[in-house]
Amino acid sequence: MGVQLDWENLGFVYRDLPYRFRATWKDGEWHSEGLVQGNQLVISESSSALHYGQQCFEGLKAYRTKTGDLQLFRPDMNSKRLNASASRLLMPEVPQEMFIEACKDVVRANADYVPPYGTGGTLYLRPLLIGVGDMIGVAPATEYIFTVFAMPVGNYFKGGLKPAKFLASFDYDRAAPFGTGAAKVGGNYAASLYPGKVAKGQNYAEVVYLDPATHTKIEEVGAANFFGITKDGTFITPKSPSILPSITKYSLLYLAEHRLGLKAVEGDVFIDELDQFAEAGACGTAAVITPVGAINVRGTEHVFFSETEVGPTIKRLYDELTGIQFGDIEAPEGWIYKV
Ligand SMILES: *Cc1c(COP(=O)(O)O)cnc(C)c1O
């Protein structure tokens with residue numbers, strides 16, 4: 001490979017790679033520019049993405065296998081979710097074929113930047129759809145840009161499978177009961193910066209968001225989904241219309257049931273009933289699985305398996321998931337797309 005980076009210590013930081021995919025939408029049609037160079041976008045100062053938050057995005061990874069092949073994990077699911085987010089914000093859908101081919105093209109064009117097998121690093125892809133054009137009234141844009149860019153990354157939460165501590169938030173929500181919590185839109189993230197800062201100021205990794213109507217049930221862990229393993233061996237993850245439907249979470253639900261033989265359910269997880277859990281975790285493409293060591297609930301820390309060690313069931317889930325993603329373990333049908 002022509003590129004030398006500190007592959008073991010990439011962190012989760014932006015890097016300006018040579019190629020990205022671009023397409024523009026106007027008059028009801030997508031026009032693909034294919035792969036382009038240069039990381040700057042020139043857009044109107046009046047773009048709806050800038051003023052009214054008319055934008056959505058995705059996050060997925062490309063993995064290098066032991067034999068050097070490159071592969072994507074369930075990009076069809078990211079395509080479906082991008083289109084669900086787009087519909088919620090009255091943006092045009094991106095055809096699935098264009099989405100998946102754009103991801104593959106970006107991986108191929110930047111292949112030297114896909115970290116070597118065994119380093120734990122991956123190529124993170126960021127598809128982004130934004131409303132642009134000249135317009136100032138509150139209305140859907142008449143033009144859109146779809147772009148996919150990429151960067152090599154390591155773990156999102158430093159320390160990988162080391163447990164992190166979180167702060168339950170009774171004062172701030174990331175989404176409203178019937179708002180845009182289930183859409184992957186920037187506005188949800190802007191609203192989460194302040195509570196995230198409060199948590200970090202108290203030495204917690206992030207906030208645990210509760211259901212916005214009653215503040216009694218867990219919804220999300222920062223920008224990751226929550227799951228717990230009960231003392232009698234059931235995998236439980238919250239169900240709510242204001243949770244972002246994590247592809248990692250649905251993959252773990254499947255693997256818990258079909259590979260680990262656990263009972264796996266979506267249901268209510270009450271913040272005052274954490275004693276039922278032997279282990280807990282946060283999951284997402286960027287976080288993969290981060291064990292939840294403890295949650296501060298109204299000033300008292302509830303410790304799960306351990307504040308320093310990963311529990312046995314989460315370790316098995318992590319090994320199964322990452323084994324599939326890096327091509328060491330056979331994947332359920334349709335999960336892996338060769339680049
Ligand atoms: C993207 C995201 C997740 C994780 O979803 P994955 O598909 O597993 O990457 C979880 N919560 C929020 C708020 C997100 O934006």
Side-chain angles (χ1 to χ4, degrees), residues 77 81 84-85 88 163-185 188 191-192 195-196 199 204-258 260-285 287 289-305 311 313-314 316-318 321:
M77 301 291 282
R81 191 173 62 190
S85 302
R88 179 68 181 78
K165 295 204 293 185
F166 298 89
L167 176 66
S169 174
F170 292 87
D171 298 329
Y172 300 101
D173 299 319
R174 64 174 279 282
F178 299 103
T180 55
K184 208 168 176 73
V185 301
N188 296 340
S192 74
Y204 292 95
E206 254 296 350
V207 157
V208 170
Y209 290 104
L210 305 176
D211 71 293
T214 69
H215 295 131
T216 57
K217 296 176 273 185
I218 293 184
E219 295 236 312
E220 299 242 21
V221 185
N225 277 189
F226 176 88
F227 67 91
I229 313 292
T230 63
K231 288 176 178 159
D232 59 6
T234 299
F235 178 106
I236 303 183
T237 184
K239 189 173 179 63
S240 149
S242 46
I243 291 179
L244 193 285
S246 157
I247 295 160
T248 314
K249 186 258 299 285
Y250 284 114
S251 303
L252 291 176
L253 267 167
Y254 181 90
L255 297 175
E257 181 177 345
H258 293 96
L260 270 64
L262 305 176
K263 206 176 142 202
V265 296
E266 289 180 272
D268 290 338
V269 176
F270 289 96
I271 191 71
D272 288 328
E273 294 178 6
L274 298 180
D275 279 342
Q276 63 176 313
F277 295 112
E279 302 174 44
C283 66
T285 298
I289 297 178
T290 295
V292 175
I295 300 178
N296 176 320
V297 183
R298 298 186 201 89
T300 304
E301 274 188 10
H302 178 93
V303 176
F304 291 89
F305 181 76
T313 305
I314 289 187
R316 282 172 69 202
L317 282 169
Y318 181 88
L321 176 69

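Quick note: residue numbers are just sequence positions, from 1.
For S240, the side chain to side chain donor-acceptor pair (under 3.5 Å) partners two or more places apart in sequence, or in a different chain, are E219, S242. Partners of D272 according to the side-chain contact (heavy atoms from CB on, under 4.5 Å) rule, which considers only residues two or more places apart in sequence or in another chain, are V297, R298. Contacts of S85 classified as side chain to side chain donor-acceptor pair (under 3.5 Å), with partners at least two apart in sequence or in another chain: none. Residues forming a side-chain contact (heavy atoms from CB on, under 4.5 Å) with H302 (at least two apart in sequence, or on another chain): L274, D275, F304. Scored by the side chain to side chain donor-acceptor pair (under 3.5 Å) test, K217 finds no partners at all (sequence neighbours excluded). Contacts of S251 classified as side-chain contact (heavy atoms from CB on, under 4.5 Å), with partners at least two apart in sequence or in another chain: F73, R74, I247, L321, W335. Residues satisfying the salt bridge (charged side-chain N to carboxylate O under 4.0 Å, His left out) criterion with E301, sequence neighbours excluded, are K165. Residues passing the side-chain contact (heavy atoms from CB on, under 4.5 Å) test with T216 are D211, T214, F270, sequence neighbours excluded. Listed by chain and residue number, Y250 satisfy the side chain to side chain donor-acceptor pair (under 3.5 Å) test with E266 (two or more places apart in sequence, or in another chain).
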Practice prompt. Kindly determine whether V207 and Y172 satisfy side chain to side chain contact (heavy atoms under 4.5 Å, CB included), including the steps that lead there.
Written response: CA-CA 9 Å; V207 157; Y172 300 101; over 6 Å; no
Practice prompt. Test side chain to side chain donor-acceptor pair (under 3.5 Å) on T313 and E279 and set out the steps.
Written response: CA-CA 8 Å; T313 305; E279 302 174 44; 3.2 Å; yes
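Counting heavy-atom neighbours within 6.0 Å of K239 NZ, excluding the residue itself, gives a total of 12 or less.
R81 contributes no side-chain N or O that, together with a main-chain N or O of K184, makes up a donor-acceptor pair within less than 3.5 Å. Side-chain atoms of E257 never come within 3.5 Å of backbone atoms of Y254 as a donor-acceptor pair (strictly under, hydrogens ignored). R174 contributes no side-chain N or O that, together with a main-chain N or O of A191, makes up a donor-acceptor pair within less than 3.5 Å.
Of all the heavy atoms in A175 and G181, the pair that sits closest is CB-CA, 3.5 Å. Contact detail for A264 and A256: the closest heavy-atom pair is CB-CB, 4.3 Å. Across A176 and P212, no two heavy atoms sit closer than the pair C-CG, 3.8 Å. Taking each heavy atom of I271 and A168 in turn, the nearest pair found is CD1-CB, 4.2 Å.
Note that CG of L210 and CD of E220 are 11.5 Å apart. Values are rounded to the nearest 0.5 Å. Within the model, atoms CG of L252 and CG of L317 stand 5.5 Å from one another, a figure rounded to the nearest 0.5 Å. A distance of 11.0 Å separates CD in Q276 from CD1 in I229, rounded to the nearest 0.5 Å.
Applying the ring pair (Phe, Tyr, Trp, His ring centres under 6.0 Å) test to every pair with at least one member in residues 206-234, sequence neighbours left out, gives these pairs: F227-F235.
No side-chain heavy atom of T248 sits under 4.5 Å from any side-chain heavy atom of N225.
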